[in-house]
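Residue numbers start from 1 in every chain, and the chains themselves are labelled A, B, ... in the order their sequence lines are given, proteins ahead of strands.
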Protein chains: 4
Amino acid sequence: MNKTKKLIFDAAVKCFSKKGFHKSTMDEIAETAGVAKGTLYYHFKSKEDIFKFVIDEGMTVIVNEINDKTAKLDNPVDKVAAVCEVQFQMTIKYIEFFRTVLSQMWGDEERQLQLREALKKYFEVIEINLKEAIDKGLIEKCNVEVIAFNIFGVITSTVLYNNTHEDVNFDELSDTVINFIMNGINQHY
Amino acid sequence: MNKTKKLIFDAAVKCFSKKGFHKSTMDEIAETAGVAKGTLYYHFKSKEDIFKFVIDEGMTVIVNEINDKTAKLDNPVDKVAAVCEVQFQMTIKYIEFFRTVLSQMWGDEERQLQLREALKKYFEVIEINLKEAIDKGLIEKCNVEVIAFNIFGVITSTVLYNNTHEDVNFDELSDTVINFIMNGINQHY
Amino acid sequence: MNKTKKLIFDAAVKCFSKKGFHKSTMDEIAETAGVAKGTLYYHFKSKEDIFKFVIDEGMTVIVNEINDKTAKLDNPVDKVAAVCEVQFQMTIKYIEFFRTVLSQMWGDEERQLQLREALKKYFEVIEINLKEAIDKGLIEKCNVEVIAFNIFGVITSTVLYNNTHEDVNFDELSDTVINFIMNGINQHY
Amino acid sequence: MNKTKKLIFDAAVKCFSKKGFHKSTMDEIAETAGVAKGTLYYHFKSKEDIFKFVIDEGMTVIVNEINDKTAKLDNPVDKVAAVCEVQFQMTIKYIEFFRTVLSQMWGDEERQLQLREALKKYFEVIEINLKEAIDKGLIEKCNVEVIAFNIFGVITSTVLYNNTHEDVNFDELSDTVINFIMNGINQHY
DNA sequence: TATGAATGAGTCTTCATTCAT
DNA sequence: CATGAATGAAGACTCATTCAT
């Protein structure tokens with residue numbers, strides 16, 4: 001990703017998260033990026049294309065960061081818990097990105113499918129560990145795909161939903177949802 | 001709600017759920033409702049106004065239906081479980097309405113606040129029962145607001161996310177998420 | 001064709017003939033018609049659609065006018081000559097329309113096909129008479145489709161090509177081309 | 001014309017003939033030529049300038065080729081017929097070039113004038129022979145400029161118009177139009 | 001000579017809203 | 001109550017042209 005493309009990427013994340021995909025205009029993205037409108041189209045085919053790039057690129061960064069931070073753990077249950085904690089912190093850190101993700105999660109069918117594709121990478125991290133935990137008899141059998149999806153949903157939506165309050169205690173919030181999740185997969189944590 | 005307004009309400013739900021708020025046009029809503037475009041403006045101030053009406057009216061119907069169906073239960077934990085089950089069925093029944101709700105949950109700030117206001121009624125049903133369960137020592141102490149919100153999120157998003165698959169086993173899905181939730185609030189169910 | 005549509009039709013003919021299809025803008029057409037730009041789109045699907053309407057409607061008017069003015073003639077050769085004369089006068093009368101037609105005759109494939117479809121009506125008038133003349137032994141056998149097309153081409157292009165000169169003697173011009181055509185179909189006229 | 005300029009010339013002819021002047025983009029011409037877009041501007045002032053060059057250069061090539069192939073004939077009537085035949089073959093050979101010519105013949109005024117200027121060279125070949133034929137009493141008196149123009153028009157437009165059919169019999173077509181033309185100038189051929 | 005990233009004016013098109021009937 | 005023609009502001013996208021390298 002060269003310099004100009006990076007400028008556009010950052011601007012797009014900012015705009016999409018602030019106003020959603022539809023209300024963000026190419027003019028705004030260009031102005032935010034500090035480039036001419038034509039430049040957007042030199043680097044991207046369309047607004048849709050920028051969105052796709054933002055999601056794909058963003059999810060890759062995030063999945064890598066999660067993998068890095070949970071690499072040293074062996075026990076799959078510990079790993080799921082660690083992923084949750086990291087995901088919680090990541091949502092706070094990249095809150096604009098995740099607002100972009102969730103805002104498009106239930107909109108246009110086409111953009112929805114792109115999103116699911118990009119989220120796969122993330123879900124897989126959790127699914128693998130859930131499966132291993134089940135195989136080792138650490139947690140009860142369950143539909144790992146559904147649970148992985150919900151773990152992501154619970155964490156991100158909780159952070160976003162509560163982010164508007166002025167005096168959020170994110171530590172307590174983190175404990176609450178991770179407790180809910182770990183209990184949910186039948187592991188008093 | 002007179003006949004014409006009802007036609008518009010149904011049409012709006014259908015359009016909003018199919019294409020989201022922004023991609024739904026007043027022309028489409030009018031055509032779907034079988035009325036002239038001007039008629040929309042006779043009954044509603046604006047497109048925003050139709051959205052607001054749809055959400056408010058829809059949530060009222062749903063909360064009432066939930067209350068009806070869980071009225072006879074006494075035990076607060078049973079009641080939470082029952083609300084979950086009913087909510088699961090309701091999401092299937094009114095799937096277009098809930099897609100509309102979720103599609104706007106993380107978008108435009110103004111519409112987000114309207115949504116939260118409307119959802120309060122639903123959350124309260126769960127919060128009251130969670131509190132009672134905590135008071136009676138049936139479940140552990142927790143942040144009831146956060147949990148109520150997540151119960152709603154887990155159920156609706158699971159139904160919507162899996163609705164695209166062609167051969168969904170909703171019964172298994174229901175067991176999975178309700179199990180996850182009830183475990184989550186520390187009640188092996 | 002109601003009043004507004006007629007305004008747009010006239011404006012479109014004027015613009016297309018003056019600057020061609022591509023260089024004519026919807027803004028210009030709207031301004032020339034004295035309506036708002038949105039009004040164009042209330043009555044027509046697209047710029048392309050306006051073009052199609054202009055050609056179809058225009059050719060219908062012209063073919064009708066030609067048929068009216070040549071109705072009373074019986075002899076097919078006389079009729080072809082009469083059609084030529086009328087066509088010559090029509091090209092002068094509706095010169096802007098015919099410039100529009102010729103300007104698009106060799107451009108975009110799609111618009112070209114529309115044009116051919118619309119011109120069929122006109123060609124048929126000539127083809128029928130040529131065939132009859134051949135059948136009656138009045139002129140030699142020839143490929144009537146090719147000749148009909150060329151009769152149209154010779155007349156319209158001659159008028160348009162010479163229209164730029166300031167002091168055109170249209171009567172002499174008319175004699176020249178009609179003589180050329182009638183000789184061409186082997187009828188010293 | 002050096003190598004790069006020749007690449008651009010060929011690419012421009014191809015593009016202009018396929019999509020017309022307006023729909024052809026500098027990007028396409030550059031890509032077709034296999035050079036960078038900036039290179040077009042190194043060799044030409046503008047898109048208009050490329051068009052002008054294409055027409056001028058093309059017509060020169062064609063007029064030379066016609067002169068070569070009809071040089072040995074003496075009789076002016078034979079020469080006109082020969083020019084027609086050669087022109088027919090040339091239109092088939094350089095069909096894309098002639099589509100470019102005709103597509104701009106009735107459009108933008110400025111480009112129209114350039115075209116007429118370039119066509120003069122061709123018309124003159126015919127005009128000279130027509131005049132000589134008239135002077136020698138071989139054909140009747142006529143407006144040679146109008147006839148020369150129409151001879152060009154009839155031949156090129158017939159080839160182009162019929163080129164879309166899949167199974168064109170160009171020999172029959174050639175006979176038809178040349179017969180039409182030679183009869184037209186009053187010379188049963 | 002040649003390149004290709006960057007530009008921004010210009011275009012088509014959409015659509016919520018108004019209003020006379 | 002209901003209509004639908006008309007509006008115009010706004011937005012996505014195109015593309016000839018420039019210029020630093």
Side-chain angles (χ1 to χ4, degrees), chain A residues 2-5 7-8 22-31 33-50, chain B residues 2-5 7-8 21-31 33-51, chain C residues 2-5 7-8 22-31 33-50, chain D residues 2-5 7-8 21-31 33-51:
Chain A
N2 68 34
K3 201 183 134 206
T4 306
K5 214 164 176 180
L7 285 173
I8 297 171
H22 279 108
K23 282 223 169 172
S24 299
T25 69
M26 293 301 262
D27 276 284
E28 274 167 351
I29 295 172
E31 203 193 320
V35 299
K37 196 171 14 166
T39 306
L40 301 186
Y41 288 92
Y42 185 78
H43 290 277
F44 297 95
K45 234 176 62 252
S46 64
K47 190 179 167 187
E48 200 71 44
D49 195 42
I50 294 181
Chain B
N2 69 32
K3 201 181 136 207
T4 306
K5 212 163 177 180
L7 285 173
I8 297 172
F21 179 79
H22 279 108
K23 283 220 168 174
S24 298
T25 68
M26 294 299 264
D27 275 284
E28 276 167 348
I29 296 171
E31 201 194 322
V35 300
K37 193 164 28 160
T39 308
L40 300 186
Y41 286 90
Y42 184 81
H43 290 277
F44 298 95
K45 223 175 74 252
S46 65
K47 191 180 167 187
E48 280 296 336
D49 196 41
I50 295 181
F51 178 76
Chain C
N2 68 33
K3 201 181 135 207
T4 306
K5 214 164 177 180
L7 285 173
I8 297 171
H22 279 108
K23 283 221 167 173
S24 300
T25 69
M26 294 300 263
D27 275 285
E28 274 168 352
I29 296 172
E31 202 193 321
V35 300
K37 198 170 12 166
T39 307
L40 301 185
Y41 287 91
Y42 185 78
H43 290 277
F44 297 95
K45 233 175 63 252
S46 64
K47 190 179 168 187
E48 201 70 46
D49 196 42
I50 295 181
Chain D
N2 69 32
K3 202 182 134 206
T4 306
K5 212 162 176 179
L7 285 172
I8 297 172
F21 178 80
H22 278 108
K23 282 220 169 173
S24 298
T25 68
M26 294 300 264
D27 274 284
E28 275 167 348
I29 295 171
E31 201 194 322
V35 300
K37 194 166 25 162
T39 307
L40 301 186
Y41 286 90
Y42 183 80
H43 290 276
F44 297 95
K45 226 176 72 251
S46 65
K47 192 181 168 188
E48 278 299 332
D49 196 41
I50 295 181
F51 178 75

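Here the shortest heavy-atom pairing between C/K23 and C/E28 reads O-OE1, 3.7 Å. Between D/N2 and D/T4, the shortest heavy-atom distance links the atoms OD1-N, 3.1 Å.
Residues B/V35 and B/H43 have side chains not in contact (no heavy-atom distance under 4.5 Å, counting atoms from C-beta outward). Side-chain contact between D/M26 and D/Y41 is present, with at least one heavy-atom pair separated by less than 4.5 Å. B/F44 is listed as a side-chain neighbour of B/K5, based on a closest heavy-atom distance under 4.5 Å. Contact check for C/I29 versus C/K37: no side-chain heavy atoms found under the 4.5 Å cut-off. Taking the side chain as every heavy atom from C-beta outward, D/K47 and D/L40 never approach each other to under 4.5 Å.
D/Y41 has a side-chain polar atom (N or O) that falls below the 4.0 Å cut-off from OP1 or OP2 of F/dT17. Regarding contacts with the backbone of F/dG11, every side-chain N or O of A/H22 stays at 4.0 angstrom or more from both OP1 and OP2.
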Strictly under 3.5 Å: I want the nitrogen or oxygen pairs between protein and nucleotides 7-9 of chain F, one per line.
residue : atom : partner : partner atom : Å
F/dT7   : OP2  : C/A36   : N            : 3.0
F/dT7   : OP2  : C/T39   : OG1          : 2.3
F/dG8   : N7   : C/G38   : N            : 3.2

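Note: A/T39 OG1 to A/L7 CG = 10.0 Å, rounded to the nearest 0.5 Å.
Judged by closest nucleotide on DNA chain F, A/T25 is the one of D/T25 and A/T25 placed further toward the 5' end.
In this structure, A/D27 atom CG and E/dA9 atom P are separated by 11 Å, rounded to whole Å. As a whole-Å value, the separation of C/K45 NZ from E/dC12 P is 16 Å. Note: CZ (B/F44) to P (E/dT18) measures 16 Å, nearest angstrom. Look at NZ on B/K23: it is 12 Å from C1' on F/dA12, rounded to the nearest Å. Spacing between atom CD of B/E31 and atom P of F/dG4 amounts to 12 Å, rounded to whole angstrom units. In this structure, CZ of B/F21 is placed 19 Å from P of E/dT14, rounded to the nearest angstrom. Separating the CD atom of D/E48 from the P atom of F/dC15 is a distance of 16 Å, rounded to the nearest angstrom. Distance CE (B/M26) to C1' (F/dT3): 14 Å, rounded to an integer number of Å.
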Encoded 5' to 3' (Watson-Crick or G-U under 3.5 Å; [ ] crossing; | other strand), DNA chain F becomes .||||||||||||||||||||

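Closest to the side chain of A/T4, out of E/dA2, E/dA6, E/dA16, is E/dA6. Nearest nucleotide to the D/H43 side chain, out of E/dA16, F/dC13, E/dA2: E/dA2.
In the displayed structure, B/E48 atom CD is contacted under 6.0 Å by more than 12 heavy atoms of other residues, nucleotides or ligands.
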